[in-house]
Engineer: 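Provided herewith is a single structure, encoded as structure tokens, for subsequent inquiry.
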Amino acid sequence: METELFLGFGLDAWITIVTVLGMFSILLFTKLRSDLVFLGAIGILFVTGVLDASEAFSGFSSTSVITVGVLFVVVAGLMHTGVLQWIVKHLLGTPNSYSRAVTRLMMPVAVLSSFLSNTTVVALFVNIVKMWAKKLGVSPSKLLIPLSYASGMGGVCTLIGTPPNLIISGLYETKTGEAMNILTTTIPGLFCLAIGILSVIAMRKLLPDRKAPDSAFESTGEYTVEVRVTSDNPYIGQTLGEAGLFHIKGGSLIALYHFDNVPSPVTEDEPIMGGDHLVYAGQIDELIDMAVSHQLVAADHHVFSMSELDSNCQLRTAYVNFGSSLIGKTIGGSTFEKDNNITLAAVARRGERINQAPRQVVLQAGDTLLLVCPNHLNVNTSSLSALRFFDSDDLPNIGLGTLVSSIIMIAMVVISALGIMPLLQSAFLAAAAMLIFRCCNAEQAMKAINWEILMVFAGSAVLGLAIQKTGIAEWLATGILDVCGTNPIVVMTAVCLVGTFITEFISNTAAGAMFFPIMYEAAERLGYDPFPFLVALMVSVSSSFATPIGSPTHMLVYGPGGYRFSDFMRIGLLMNIIILAANIFIVNIVYPLTPLK
């Protein structure tokens, strides 16, 4: 079989296969930026002659890629006028049962995710859900996985809700010359969402009951401890490091004041003087034990709120991303604090404070970090991309701009849905309107554009083209038909099943681009219009429920929920099967299979 396969493929096809497999392996097992990996793959296909210049860089001029870029500006207008905050404030309420809580949470999240970035929506809701869960007396881990699931299922409901929908619809338009309506996937998406909500409620016992990581920081987040060095203290003259006052158990030194009340650098080499005031953040009992053992006495304000410490500082919580450059390292062994002007106060893992000096903890994905930061820390810098911050200083005022940006967004959707204007043109008008009516300024609009995501989109479209051009799609389609026979429902289900599995490990955008030519080719070989097959594919490649790396939104809730990797698999595998069945069922009702003329 291997010899036949090798002889059946030309050199271009083998270069493409090796490039695709190598690219996915790098994304899975290394920490390289995804946009660089996709750009490298494009470069290989171009340099080796698999694709010519116009083909290799066609992704950058793709209407779907440009549409995504323009929509970033539209979303910026909605964010900076407080539309999301207004919806959250008025829709969650105080339900009196878990079933109603899940419904009240998943419905608005799904609606928002139909038009906005899933990641943006989930990032906004995480802290709100944590506080809401405490109010309802429910563990946040019972609500954060449903939050992430709702964003994924909601994104499927429109072409602009999730990247694969735009990629697949763009490739379809290029192939056939016919544009899909922005609401093409609305009915299948809403049906799968309803089934998904009922499934989460029915399987709620499979959701873990974890202690929230932030609970380990409850005392730290509210209090710090200040102690004073007496004039006869035996450690006077030694450095903080020599005296054992720099790295301590259960907390961190966050400030040092000498006798002149001027803050001094917090370093191991700073000398200790009589009258010094040392400020620590950490577990109160551990810090008291340390003070006793080092003969330190209580300062005038021995326990005080963080706001009293320094009006220019604040405590913020961040989570270590999957693929973060900090994984496997310690904060103390790097220049991370110095580079970003922040101080690590504590580390928690799955809701438990690690019984070790925070700077000496070898970090893992999902670890929760408590950081002392400047009030106006820019969390979007490249050096801080290893962490995910949820709290934001930028709290928009809800007012006239909120109404204006909402009208602009609704008008964009209606104009596109009615066919008055293509999606790309209506998106451009909406983006311009957001700037003209000052829903966001030019700087905010440019910052909102995620160039890394656009590079992945462009690269995904090019990979799909290479898979089709080299005959790989045709070969795979033939293989699927040989195994599954000529029943179109069986073939549709088989391709969607593989797509759902693949998207648990790679970008759903890449999965959509990779499976588009395979599904299209299989449908044509069966003699059916590919349209319903592609609608089913859109839903399946966005249905990743079983691993935290299957979707960026899963990673957003992974740390705050105190989850383990297996928590997603326990409920997610069943969700994959349920949503796949619902997807195939509803698509074939809404879009009956039609033989090609």
Side-chain angles (χ1 to χ4, degrees), residues 63-92 108-128 151 154-155 157-163 165-166 182-183 376-381 389-418 420-454 457 552-553 556:
T63 56
S64 58
V65 176
I66 298 172
T67 301
V68 172
V70 176
L71 287 173
F72 278 128
V73 179
V74 178
V75 171
L78 294 170
M79 286 295 295
H80 289 284
T81 53
V83 171
L84 272 66
Q85 287 82 354
W86 185 91
I87 292 173
V88 169
K89 180 179 178 181
H90 291 85
L91 290 185
L92 290 183
V109 168
V111 171
L112 287 172
S113 297
S114 296
F115 304 101
L116 307 177
S117 160
N118 300 356
T119 306
T120 299
V121 173
V122 172
L124 172 71
F125 268 81
V126 166
N127 273 342
I128 294 166
S151 71
C157 294
T158 65
L159 291 190
I160 64 175
T162 189
N165 286 8
L166 279 169
I182 190 174
L183 302 180
H376 301 292
L377 178 70
N378 182 7
V379 301
N380 295 317
T381 61
F389 289 81
F390 287 96
D391 50 333
S392 174
D393 301 321
D394 186 17
L395 298 176
N397 294 319
I398 296 175
L400 180 61
T402 309
L403 177 63
V404 172
S405 64
S406 300
I407 292 174
I408 293 171
M409 180 68 183
I410 293 170
M412 182 193 78
V413 174
V414 171
I415 290 172
S416 177
L418 295 179
I420 298 173
M421 189 179 292
L423 175 59
L424 179 57
Q425 282 88 327
S426 60
F428 263 111
L429 285 180
M434 290 292 186
L435 292 169
I436 292 171
F437 289 100
R438 298 183 178 180
C439 297
C440 63
N441 57 41
E443 182 180 0
Q444 291 169 335
M446 290 304 297
K447 282 185 177 180
I449 299 175
N450 191 320
W451 299 103
E452 181 177 350
I453 288 179
L454 292 181
F457 283 8
T553 61
L556 288 181

Engineer: Using 0.5 Å steps for rounding, measure from the CE atom of M434 to the OG1 atom of T81.
Structural biologist: 6.5 Å
Engineer: Mind checking the CD1-CD1 spacing from I410 to I415? Nearest 0.5 Å is all I need.
Structural biologist: 12.0 Å
Engineer: Out of curiosity, L400 CG to F437 CZ, how far, rounded to the nearest 0.5 Å?
Structural biologist: 10.0 Å
Engineer: Ignoring hydrogens, what is the shortest heavy-atom contact between G77 and S405? Give both atom names and the distance.
Structural biologist: O-CB, 4.0 Å
Engineer: Quick one: does any side-chain atom of S406 pair with a main-chain N or O of T402 as donor and acceptor, under 3.5 Å?
Structural biologist: yes
Engineer: So, for A427 and V70, which heavy atoms are closest and what is the spacing to 0.1 Å?
Structural biologist: O-CG1, 3.3 Å
Engineer: Which pair of heavy atoms, one from V109 and one from S151, lies closest together, and at what distance?
Structural biologist: CG1-N, 3.7 Å
Engineer: With side chains defined as the heavy atoms from C-beta onward, is the minimum distance between L159 and T67 less than 4.5 Å?
Structural biologist: no
Engineer: For the side-chain contact (heavy atoms from CB on, under 4.5 Å) test, which of I182, V74, L78, I160 pairs with F115?
Structural biologist: I160
Engineer: Does the side chain of L183 come within less than 4.5 Å of T158's, by heavy atoms?
Structural biologist: yes
Engineer: Taking the side chain as every heavy atom from C-beta outward, state whether L423 and S426 have any pair of such atoms under 4.5 Å apart.
Structural biologist: yes
Engineer: Which heavy atom of G154 sits nearest a heavy atom of S114, and at what distance?
Structural biologist: O-OG, 2.8 Å
Engineer: Could you report the tightest heavy-atom contact between A430 and I408, atom names first, then the distance?
Structural biologist: O-CG2, 3.6 Å
